[in-house]
Asks: 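One structure coming up, written as structure tokens, with questions to follow.
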Amino acid sequence: MLLAIDTSAGTSVAVVDRDAGVLSEIIETDTMRHAEVIGTLIDEALTVAGVEVRALSGVVSGMGPGPFTGLRVGIAAAKAFAIGAGKPLVPVVSHDAVAYDRYASGYAGPLLVVTDARRRERYWTAYSGADDLGLPIRLDGPGLAKPDELPHPDLVRVETDVVPAGRLGMLAELRFANGLPMDRDEALYLRSPDVTLSAGPKRVTA
């Protein structure tokens, strides 16, 4: 049983079980209220699922790509919850959940997952299809580009304003059940930070 959290686009929290599937999924599409709603959504997801914290096996965190401010809210919440509950953190690339959702719904071809990166840019990840387990196969990315410069224009484009935490969690369950590795514990901002370290005090002249 896993708690899954993603704030790479909207805010999505779910509780999933390997056998029973998605037990609950609570979504807030407003991309400006991650910090305000994340605690409430976690509580609601556990309550709706009827699951106590001690029954969880781990906490899945969507690692992006996503804008710095929003993405770090979800990752920080997942890590804090995992530490407090004494459960392992399970990192998963957020776009994989979107692709997994499309393939699990019956689509079988290549596709390009696209989410808003703000500043008139888009995050993208290309997939060639799904493997024998139904897991999406990354072809290229994740990357960052202007809308008119997105790569792979021949692929079916899937644009979304929220990453389904339920699919994120089930993807992690499927990987674990088949002994497959999880993703790196590294936030995918894909953009240089606005704030840089000072080069030292500036010299003052008359």
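When a residue number appears, it is its place in the shown sequence, counting from 1.
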Asks: Is Ile75 reachable from Ile83 through a run of I, L, V, M, F, W or Y residues, each pair having side-chain heavy atoms under 4.5 Å apart?
Replies: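 No, separate clusters.
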
Asks: The test is side chain to side chain contact (heavy atoms under 4.5 Å, CB included); show your working for Leu23 and Met1 and say whether it passes.
Replies: CA-CA 9 Å; Leu23 303 181; Met1 195 119 50; 3.5 Å; yes

Asks: When you look at Thr115 and His95, which way does the side chain to side chain contact (heavy atoms under 4.5 Å, CB included) test go after all the steps?
Replies: CA-CA 8 Å; Thr115 52; His95 280 184; 2.8 Å; yes

Asks: Considering only heavy atoms from C-beta outward, does the side chain of Tyr103 approach that of Leu135 to under 4.5 Å?
Replies: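 Heavy-atom side-chain distance check fails, nothing below 4.5 Å.
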
Asks: Looking at His152 and Ala126, what are the two nearest heavy atoms and their distance?
Replies: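 Between these two residues, the closest heavy atoms are CD2-CB, 3.7 Å.
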
Asks: Can you see whether Asp6 engages Ser94 through a side-chain donor-acceptor pair at a distance of less than 3.5 angstrom?
Replies: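 Side-chain D/A pair, Asp6 to Ser94: present.
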
Asks: Quick one: does Asp101's side chain get under 4.5 Å of Thr160's, heavy atoms only?
Replies: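 They are not in contact (no side-chain heavy atoms under 4.5 Å apart), so the answer is no.
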
Asks: Under 4.5 Å between any side-chain heavy atoms of Met182 and Phe176, yes or no?
Replies: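 SC-SC contact between Met182 and Phe176 confirmed.
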
Asks: Please report the closest heavy-atom contact between Leu168 and Val93, naming both atoms and the distance.
Replies: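 Shortest heavy-atom separation between Leu168 and Val93 comes out as CD1-O, 4.2 Å.
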
Asks: Hey, are Glu52 and Arg54 close enough for a salt bridge, meaning a charged N less than 4.0 Å from a carboxylate O?
Replies: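 Result for this pair is yes, salt bridge flagged.
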
Asks: What's the separation between atom CZ in Arg191 and atom OH in Tyr123, rounded to the nearest 0.5 Å?
Replies: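 Going from CZ on Arg191 over to OH on Tyr123, the span is 4.5 Å.
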
Asks: So which heavy atom on Arg167 is nearest to which on Glu25, and how close?
Replies: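 For Arg167 and Glu25, the tightest heavy-atom pair comes out as N-OE2, 4.3 Å.
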
Asks: Which atom names give the shortest non-hydrogen contact between Asn178 and Leu174, and what distance separates them?
Replies: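 What the structure gives for the nearest pair is ND2-O, 2.8 Å.
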
Asks: Do you reckon Val60 sits in the same ILVMFWY cluster as Val22, going by side-chain contacts under 4.5 Å, direct or chained?
Replies: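 Yes, one cluster joins them.
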
Asks: Do Val113 and Arg102 pass the side chain to side chain contact (heavy atoms under 4.5 Å, CB included) test, and can you show the C-alpha distance, the side-chain angles, and the key distance before you say yes or no?
Replies: CA-CA 10 Å; Val113 173; Arg102 180 56 65 95; over 6 Å; no

Asks: So, for Ala85 and Val53, which heavy atoms are closest and what is the spacing to 0.1 Å?
Replies: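 Minimum heavy-atom separation between Ala85 and Val53: CB-CG1, 3.5 Å.
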
Asks: Looking at every non-hydrogen atom in both residues, tell me the closest pair between Pro110 and Leu155 and how far apart they are.
Replies: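 Here Pro110 and Leu155 meet closest at CB-CD2, 3.5 Å.
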
Asks: Where do Met63 and Asp183 land on the side chain to side chain contact (heavy atoms under 4.5 Å, CB included) test, with the steps shown first?
Replies: CA-CA 8 Å; Met63 305 308 291; Asp183 294 307; 5.5 Å; no

Asks: Can you tell if the side chain of Val13 reaches within under 4.5 Å of the side chain of Ile38, non-hydrogen atoms only?
Replies: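 Side chain of Val13 against side chain of Ile38, heavy atoms only: contact under 4.5 Å found.
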
Asks: Check whether any side-chain heavy atom of Ser61 sits under 4.5 Å from a side-chain heavy atom of Ile5, and report yes or no.
Replies: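 They are not in side-chain contact.
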
